[in-house]
Number of protein chains: 2
Amino acid sequence: MAKARDQEERISERNRRIILKAGIEIFARKGFDGTRIAEIAEASGLPKANVYYYFSSKEEIYRAIIEHLITGWDNALKFISPEREPAEAFRLYIKAKLDYARKNGAESRLFASEIIQGARFLTKKDRDHMRRVTDRHVTVVDGWIASGKLLPVDARHLFIMLWASTQFYAEFEPVAADGLGKSRLKVDDYEAAATAISETILRGILPAAG
Amino acid sequence: MAKARDQEERISERNRRIILKAGIEIFARKGFDGTRIAEIAEASGLPKANVYYYFSSKEEIYRAIIEHLITGWDNALKFISPEREPAEAFRLYIKAKLDYARKNGAESRLFASEIIQGARFLTKKDRDHMRRVTDRHVTVVDGWIASGKLLPVDARHLFIMLWASTQFYAEFEPVAADGLGKSRLKVDDYEAAATAISETILRGILPAAG
DNA sequence: ACAAAAGTTGACCAAAGTGTCAACTTTACA
DNA sequence: TGTAAAGTTGACACTTTGGTCAACTTTTGT
């Protein structure tokens, strides 16, 4: 029965997962200070005191969520690789970023709010990691520029353009929906976004006849 | 002395202005729920109870700030005009957006936070206004496309790209600074951003030899 | 079957924060 | 100069919220 037990999620793992999932939704909507532990408890189907059995404080729940988001922060960057042609690399990157934004709206908004308000829960280690990852991929892009595969463009500003354009749809959904004349964004809105962003930015950075 | 009095700002106007200015800085950093009236009072140099003399509630201060921000929301769009050539229009637009972002960082972050958390303080009227203004400028861009002055691009997604790319620097300053390998963004970072965004996006949307 | 460990929970407490108010001071006006 | 209006403010009331705890129940392991 030990094997069955190992396969079944333990009570503590299940409850921690439920609490974090509820926390993501509510912190995304209401921010750290606007969120009540009682709300997280209610959404988790647990008594409030029980939440404190699994997490020592509200801040610990929030930090656990932030660390979880950081681990996946650079997933899409794997496409920016010297083994690929830049056109394909950027298309895949833009698509992956938009897919993440569409599928993880609450996470996107939570992380965005955290940054906008000063990134007070990001540690120096987090930021150093993000900086190193960025530097590594800037180097790949600079290599493409040096070999003539890309027009001369500031790679750092290019990445900012790409991050901003792709994250906007999930983060600023009310304005994105209004801007697109829609009440709510759907899969084809994200696909149209991938097309518009890819075509516009790729034409802007690839040599002619690219 | 009536004339002198008219010229001098009345006590109530001065205090309301000071309270709103303090409110912008603190709401931007801490969000609506994370901000304490006592903090706004202290930053204003007024006793807390006095803040309630001028504004009936914390929410009234916040709403007044949001309405103020809405009135200037579309200032930069004036450059998107049929009287201009698209290349010039977009360059001016991008520059104006970046200038606003650089000079009004706190306002940008406050407004961004508001949208990300669901735009709960924006009224239907506000959103209808923003939608109408956007529609009008989408029509101008569609006209340029129809006349061959622009490549076929979805104007709505193009505006989203432009908004996202230009606002990012002020809104996500910690990540923008890290991405640029800087500790803090300066005027020349914004100028480099204007160059990168203009060159990349304009090459992406203007017919060849543009 | 029993004991230990893990999990649950209603009630509670201390601190924080919004907002109020009566009494006062300052300004404006006739 | 005197009065009315505007502005100021320390103390307070009330509500909310993060977090605690003792006592209980359930699960796990021997």
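Each chain gets a letter, A, B and so on, in the order its sequence line appears, and its residues count up from 1.
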Undergrad: Rounded to whole Å, how long is the line connecting atom CG of Asn50(B) with atom C1' of dT25(C)?
TA: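 Spelled out: CG on Asn50(B) to C1' on dT25(C) is 12 Å.
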
Undergrad: Dump the pairs, protein N or O against N or O of nucleotides 19-23 of chain D, anything under 3.5 Å, distances to one decimal.
TA:
residue : atom : partner  : partner atom : Å
dG19(D) : OP2  : Tyr52(A) : OH           : 3.3
dG19(D) : OP2  : Lys58(A) : N            : 3.0
dG19(D) : N7   : Lys48(A) : NZ           : 3.3
dG19(D) : O6   : Lys48(A) : NZ           : 3.0

Undergrad: In whole angstroms, how far is the P atom of dG7(D) from the CZ atom of Arg16(B)?
TA: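 For the pair Arg16(B) CZ and dG7(D) P, the rounded distance is 11 Å.
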
Undergrad: Around atom NZ of Lys58(B), are there more than 12 heavy atoms from other residues, nucleotides or ligands closer than 6.0 Å?
TA: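 More than 12 heavy atoms, drawn from other residues, nucleotides or ligands, come within 6.0 Å of this atom.
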
Undergrad: For the aromatic rings, using the six-membered ring if either is Trp, is the centroid distance between Phe168(A) and His157(B) under 6.0 Å?
TA: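 Distance test on ring centres: not under 6.0 Å, no.
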
Undergrad: Within this structure, what is the CD-to-C1' distance between Glu13(B) and dG7(D), rounded to whole angstrom?
TA: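 Going from Glu13(B) (CD) to dG7(D) (C1'), I get 14 Å.
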
Undergrad: What is the separation between atom CZ on Phe55(A) and atom P on dG7(C), rounded to the nearest whole Å?
TA: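 In whole Å, dG7(C) P and Phe55(A) CZ are 13 Å from each other.
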
Undergrad: With a 4.0 Å limit, can you tell me whether Asn15(A) has a side-chain N or O closer than that to the phosphate oxygens OP1/OP2 of dT8(C)?
TA: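 It does, given that an N or O in the side chain of Asn15(A) lies less than 4.0 Å from OP1 or OP2 of dT8(C).
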
Undergrad: Tell me whether the centres of the aromatic rings in Trp144(A) and Phe90(A) are closer together than 6.0 Å.
TA: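 Here the rings of Phe90(A) and Trp144(A) have centres that are less than 6.0 Å from each other.
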
Undergrad: How close or far is atom C1' of dG7(C) from atom CG of Leu46(A), stated in whole angstroms?
TA: 10 Å

Undergrad: Who passes ring pair (Phe, Tyr, Trp, His ring centres under 6.0 Å) against Phe55(A), sequence neighbours left out?
TA: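 For Phe55(A) there are no ring pair (Phe, Tyr, Trp, His ring centres under 6.0 Å) partners, ignoring immediate neighbours.
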
Undergrad: Describe, in one word, how the ring planes of Tyr62(B) and Phe27(B) are oriented to each other, choosing from parallel (under 30°), tilted (30 to 60°) and perpendicular (over 60°).
TA: perpendicular

Undergrad: Can you say whether the rings of Phe172(A) and Phe172(B) are parallel (under 30°), tilted (30 to 60°) or perpendicular (over 60°)?
TA: perpendicular

Undergrad: With a cut-off of less than 4.0 Å, is there a side-chain N or O of Tyr54(B) near OP1 or OP2 of dT8(D)?
TA: yes

Undergrad: Is the shortest side-chain N to carboxylate O distance from Glu42(A) to Arg36(A) below 4.0 Å?
TA: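 Looking at Glu42(A) and Arg36(A), the cut-off is not met.
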
Undergrad: For Ile11(B) and dC29(C), what is the distance between atoms CD1 and P respectively, to the nearest whole Å?
TA: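 Answer to the nearest Å: 11 Å.
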
Undergrad: Quick one: Phe32(B) CZ to dG17(C) P, roughly how many Å, whole number?
TA: 14 Å

Undergrad: Kindly say if Arg36(A) contacts the phosphate of dG18(D), meaning a side-chain N or O under 4.0 Å from OP1 or OP2.
TA: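 It does, given that an N or O in the side chain of Arg36(A) lies less than 4.0 Å from OP1 or OP2 of dG18(D).
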
Undergrad: Take atom CD1 of Ile19(B) and atom P of dG19(C), then tell me their distance rounded to the nearest Å.
TA: 14 Å

